[in-house]
Amino acid sequence: MERIKVDVAVIGAGTAGLNARREVEKRGGRALLIESTAYGTTCARVGCMPSKLLIAAADAAHAIDVAPAFGVNAGSVRIDGAAVMQRVQRERDRFVGFVVADTEKIDAAQRRFGRARFVGPTRLAIDDGVEVDARAVVVATGSTPFVPAPFDAVRAHVLTSDEVFELANLPASLAVIGTGVIALELGQAMHRLGVRTAFFSPLDDLGPFTDPDVRNIVRRDLGAELDLRTGVRLLDAQTVPGGLRLQWQSATGEPQQETFERVLVAAGRRPSIEGLGLEATGLELGANGLPAIDAQTTQCGDAPIFFAGDVNGHLPLLHEAADEGRIAGANAMLWPAVERHERRVPLAIAFTDPQMAMVGLRHADLVPERHVVASASFDNQGRARVAGRNRGLVRLYGEVGSCRLVGAEMFGPGMEHMAHLLAWAVQQRMTAPAALTMPFYHPVLEEGLRTGLRALARELRAQGSCRPEDFADAPGD
Ligand SMILES: Cc1cc2nc3c(=O)[nH]c(=O)nc-3n(C[C@H](O)[C@H](O)[C@H](O)COP(=O)(O)OP(=O)(O)OC[C@H]3O[C@@H](n4cnc5c(N)ncnc54)[C@H](O)[C@@H]3O)c2cc1C
């Protein structure tokens, strides 16, 4: 058996693993990068990029659908499903190609193809027969789509986000299982591309929101466009000629069934730890099979084992995976003298239309006596109305005493940009009145955000606990 000795073994050549490996190299260490499936990363291959490419096609179709409201008639829309999927795949392959090329530039002796598993606290076995002794291990194995039990028998016939972008054509009909961010992004895009799409979920949740006011608006708005079958219990799925027949119990308890050409299961993702042999690490594992992981060090207890990216169940987002990879790589080299890293303000965006965004503290994190809440509706916001996109609600959260902005839940047009402005302000520990001293152009969507900031500043002022100078110079207030 071949034996390899390295400073740091990195399991998984995704975003977190690549960043961890680079950090080890920068610090003069010898890393081994182990990948079981393919180079290219989840984000580029089956995640962020192909999903946004599909949404871009849906946006183009939707613009034609809504054009008559502006007196612009383009005639009837004909969607060439094969051409839509070809562009998704072509552009996706271009992005993947860059990542693969970069990964292949790594010295071949420092990377290995195969499935790794722990056979000791820092000893790994790769299924090509190699054993690796490492001073420290970075686990960056990502996450895997969760497929619920009713689909066990027909697993080969259902799509997940791992398969959907490989379709050669758009299906005539699609059942989307789930109403989380990935389900809504992909399902709404399919719907706007002319696919008869229905969503199924046992819950009432739509997207990531915890703020009851935002949840209501989202339900009103997306409910008006999409076929949402929430509160249902899926009972069975069977292959039939022409697709899959789903059987479910409606929210009012009636048995129902319908056949869809394709079924997309987007019911959440789970850390990829199956077969990883975590028992051999000696770490205490929780009910979810994971050890406790410190978000500021990515370390498991005092062990030279670090979890980075989706696998740690923290925030399954690309920029978090990159940060955690860097932290894990650095600390794997520094172990046992690991360093704590202050994390960025949480920022998450969903590319639905209207867009969804979460910044900093969630509504569910607020403490009534410590925080105040203000709202700004986009239902009549000037620039949004000009563009016929006047739907949505922003809820802003401030801290009594410090007057600081601490978070927001947002649903509306252009939220990907406003969420960044807010995340930067929250991370800069800006007060609501200080944010109002920043320039706002006219007419822009950000004026809607300013309405919310003004309301938040008023709420904070009403608490009487902010410093007077916080209110001294707030143009536009
Ligand atoms: C449809 C979809 C849309 C998304 N959109 C966005 C978005 O718009 N913005 C955003 O920020 N995030 C988005 N994400 C999330 C983002 O893609 C992930 O957070 C990110 O890619 C996680 O990176 P990672 O390095 O943790 O995992 P990955 O990139 O998945 O890398 C893990 C690697 O480990 C390998 N591996 C697993 N087990 C083993 C083993 N035992 N041995 C060896 N190798 C192993 C896997 O093959 C894989 O290559 C989206 C995800 C999906 C699915």
Side-chain angles (χ1 to χ4, degrees), residues 9-21 32-55 88 92 95-96 99-100 103 111-118 124-128 130 132 137-146 159-165 176 178 180-187 189 208 264-278 298 307-326 328-329 344 346-352 355-358 416 419:
V10 178
I11 314 177
T15 304
L18 288 169
N19 278 281
R21 193 213 68 86
L32 183 71
L33 182 67
I34 308 160
E35 170 57 51
S36 61
T37 313
Y39 293 152
T41 75
T42 289
C43 178
R45 215 173 253 296
V46 290
C48 330
M49 301 316 281
S51 58
K52 269 79 258 181
L53 284 161
L54 189 73
I55 291 167
V88 168
R92 183 265 326 260
F95 290 120
V96 170
V99 187
V100 172
T103 312
R111 48 194 171 88
R112 195 107 213 161
F113 263 109
R115 179 158 284 276
R117 73 188 155 83
F118 283 90
L124 304 174
I126 309 181
D127 63 5
D128 62 357
V130 168
V132 184
V137 179
V138 174
V139 179
T141 51
S143 58
T144 314
F146 168 66
L159 303 166
T160 67
S161 53
D162 283 353
E163 294 92 19
V164 70
F165 304 112
V176 178
V181 166
I182 292 175
L184 290 173
E185 280 192 357
L186 298 181
L264 170 65
V265 177
R269 298 174 66 85
R270 300 280 184 273
S272 301
I273 50 171
E274 212 182 300
L276 202 54
L278 288 178
T298 73
F307 274 58
D310 280 13
V311 69
N312 67 21
H314 173 220
L315 289 170
L317 298 169
L318 187 275
H319 67 283
E320 299 285 357
D323 282 354
E324 287 167 359
R326 282 191 290 271
R344 296 175 214 248
L347 166 66
I349 296 164
F351 297 85
T352 50
Q355 293 181 334
M356 303 175 169
M358 309 281 285
E416 63 177 291

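Heads up: numbering here begins at 1 and tracks the sequence. Keep in mind that what you see is a predicted model, and the values were worked out from it rather than measured. Both counts, for ligands and for their atoms, begin at 1 and track the order of listing.
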Enquirer: Salt-bridge test for Arg344 and Glu320: reply yes if a basic N is under 4.0 Å from a carboxylate O, no otherwise.
Expert: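 A salt bridge is absent here (no side-chain N lies under 4.0 Å from a carboxylate O).
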Enquirer: For the CZ atom on Arg117, are there more than 12 heavy atoms of other groups (residues, nucleotides or ligands in this structure) within a distance under 6.0 Å?
Expert: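 Counting other residues, nucleotides and ligands, CZ of Arg117 stays at 12 neighbours or fewer.
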Enquirer: For the pair Val100 and Arg45, evaluate side chain to side chain contact (heavy atoms under 4.5 Å, CB included) and give the outcome as yes or no after the intermediate values.
Expert: CA-CA 10 Å; Val100 172; Arg45 215 173 253 296; 4.0 Å; yes
Enquirer: Using a 4.0 Å cut-off to any heavy atom of Arg269, which atoms of ligand 1 qualify?
Expert: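 Near Arg269, the atoms of ligand 1 are 53 (C).
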Enquirer: What residue and atom, counting heavy atoms only, is the protein's closest point to atom 33 (C) of ligand 1, and at what distance?
Expert: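 Protein heavy atom with the smallest distance to atom 33 (C) of ligand 1: Glu35 OE1, 3.6 Å.
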Enquirer: Could you identify the single nearest non-hydrogen protein atom to atom 28 (P) of ligand 1 and state the distance to 0.1 Å?
Expert: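 Protein heavy atom at minimum distance: Thr42 OG1, 3.4 Å.
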Enquirer: Between Asp310 and Thr144, does the side chain to side chain contact (heavy atoms under 4.5 Å, CB included) criterion hold? Intermediate values first, please.
Expert: CA-CA 9 Å; Asp310 280 13; Thr144 314; over 6 Å; no
Enquirer: Nearest protein heavy-atom contact for atom 44 (N) of ligand 1: which residue, which atom, what distance?
Expert: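 Protein heavy atom at minimum distance: Ser36 N, 3.1 Å.
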Enquirer: May I ask you to identify, for Ser161, whether its side chain, its backbone, both or neither come under 4.0 Å of ligand 1 on a heavy-atom basis?
Expert: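 The part of Ser161 near ligand 1 is the side chain, not the backbone.
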Enquirer: Can you find a non-hydrogen atom of Lys52 under 4.0 Å from ligand 1?
Expert: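 Lys52: in contact with ligand 1 (<4.0 Å).
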Enquirer: For atom CD of Glu274, decide whether the heavy atoms of other residues, nucleotides or ligands shown that lie under 6.0 angstrom number more than 12.
Expert: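 No, the 6.0 Å shell around CD holds no more than 12 heavy atoms from other groups.
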Enquirer: Under a 4.0 angstrom heavy-atom cut-off, which atoms of ligand 1 come close to Val46?
Expert: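 Counting from 1, the qualifying ligand atoms are 1 (C), 53 (C).
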Enquirer: Show which atoms of ligand 1 fall inside a sub-4.0 Å distance from at least one heavy-atom site of Ala16.
Expert: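 Those qualifying, in numeric order: 25 (O).
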Enquirer: Does ligand 1 have an atom that lies less than 4.0 angstrom from a heavy atom of Val311?
Expert: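 Val311: no contact with ligand 1 (<4.0 Å).
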Enquirer: I need the contact type for Glu185 against ligand 1. Using non-hydrogen atoms and a strict under-4.0 Å cut-off, is it side chain, backbone, both or neither?
Expert: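 Neither part.
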Enquirer: Given Gly40, Ser143, Gly142, Ala116, which one has a non-hydrogen atom that is nearest to atom 27 (O) of ligand 1?
Expert: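 When every heavy atom of Gly40, Ser143, Gly142, Ala116 is considered, Gly142 comes closest to atom 27 (O) of ligand 1.
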Enquirer: Considering only heavy atoms of Gly14, which atoms of ligand 1 have at least one such atom less than 4.0 Å away?
Expert: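 Listed by number with element, the hits are 25 (O), 28 (P), 29 (O), 31 (O), 33 (C).
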Enquirer: Identify, for atom 19 (O) of ligand 1, the protein heavy atom at the shortest distance, and state residue, atom and that distance.
Expert: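 Sorting protein heavy atoms by distance from atom 19 (O) of ligand 1 puts Asp310 OD1, 2.7 Å first.
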Enquirer: Do the side chains of Pro346 and Met358 get nearer than 4.5 Å, heavy atoms only?
Expert: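 Met358 vs Pro346: side chains apart.
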Enquirer: Is the backbone N or O of Thr160 less than 3.5 Å from a side-chain atom of Glu163, with the two atoms forming a donor-acceptor pair by type?
Expert: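 Judged by distance alone, yes, a pair lies under 3.5 Å.
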Enquirer: Distance to 0.1 Å, residue and atom name: give those for the protein heavy atom nearest to atom 23 (O) of ligand 1.
Expert: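 Its nearest protein heavy-atom neighbour is Ala321 CB, 3.7 Å.
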Enquirer: Distance under 4.0 Å to a non-hydrogen atom of Gly309: what atoms of ligand 1 satisfy this?
Expert: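 Taking each heavy atom of Gly309 in turn, ligand 1 has 26 (O) under 4.0 Å.
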Enquirer: Is there a donor-acceptor pair closer than 3.5 Å between any side-chain N or O of Arg269 and the backbone N or O of Ser143?
Expert: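 Pair found, side chain donor or acceptor close to backbone of Ser143.
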Enquirer: Ligand 1 versus Ser51, non-hydrogen atoms closer than 4.0 Å: side chain, backbone, both, neither?
Expert: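 Just the side chain.
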Enquirer: Write out the residue and atom name of the closest protein heavy atom to atom 51 (C) of ligand 1, then the distance separating them to 0.1 Å.
Expert: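 The closest heavy atom on the protein side is Gly47 CA, 3.9 Å.
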Enquirer: One residue to check: Ala140. Relative to ligand 1, which of side chain, backbone, both or neither has a non-hydrogen atom less than 4.0 Å away?
Expert: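 The part of Ala140 near ligand 1 is the backbone, not the side chain.
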Enquirer: Any atoms of ligand 1 less than 4.0 Å from a non-hydrogen atom of Thr15? List them with their elements.
Expert: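 Counting from 1, the qualifying ligand atoms are 25 (O), 29 (O).
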Enquirer: So, 4.0 Å and heavy atoms of Phe351: is ligand 1 close enough to count as a contact?
Expert: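 Contact check Phe351 vs ligand 1: positive.
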Enquirer: Below 4.0 angstrom from a heavy atom of Leu317, which ligand 1 atoms are there? Numbered from 1 as shown, please.
Expert: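 So the atoms of ligand 1 that pass are 11 (O), 12 (N), 19 (O).
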Enquirer: Considering heavy atoms of the protein only, find what lies nearest to atom 6 (C) of ligand 1 and give residue, atom and distance to 0.1 Å.
Expert: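 It is Cys48 SG, 3.6 Å.
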Enquirer: Counting non-hydrogen protein atoms only, what is the nearest one to atom 34 (O) of ligand 1? Give residue, atom name and distance.
Expert: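 Answer for atom 34 (O) of ligand 1: Gly12 CA, 3.2 Å.
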Enquirer: Should Ile11 and Phe118 be marked as a side chain to side chain contact (heavy atoms under 4.5 Å, CB included) after you check the CA-CA gap, both sets of side-chain angles, and the distance that decides it?
Expert: CA-CA 10 Å; Ile11 314 177; Phe118 283 90; 4.2 Å; yes
Enquirer: Contact between Gly114 and ligand 1, counting heavy atoms under 4.0 Å?
Expert: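 Contact present.
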Enquirer: Only heavy atoms of Pro316, strictly under 4.0 Å: list the atoms of ligand 1 that pass.
Expert: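 Ligand 1 atoms under the 4.0 Å threshold to Pro316: 15 (C), 19 (O).
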Enquirer: Considering only heavy atoms, does Thr141 approach ligand 1 within less than 4.0 Å through its side chain, its backbone, both, or neither?
Expert: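 The part of Thr141 near ligand 1 is both the backbone and the side chain.
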Enquirer: At under 4.0 Å between heavy atoms, is it the side chain or the backbone of Leu318 that contacts ligand 1, or both, or neither?
Expert: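 Both backbone and side chain.
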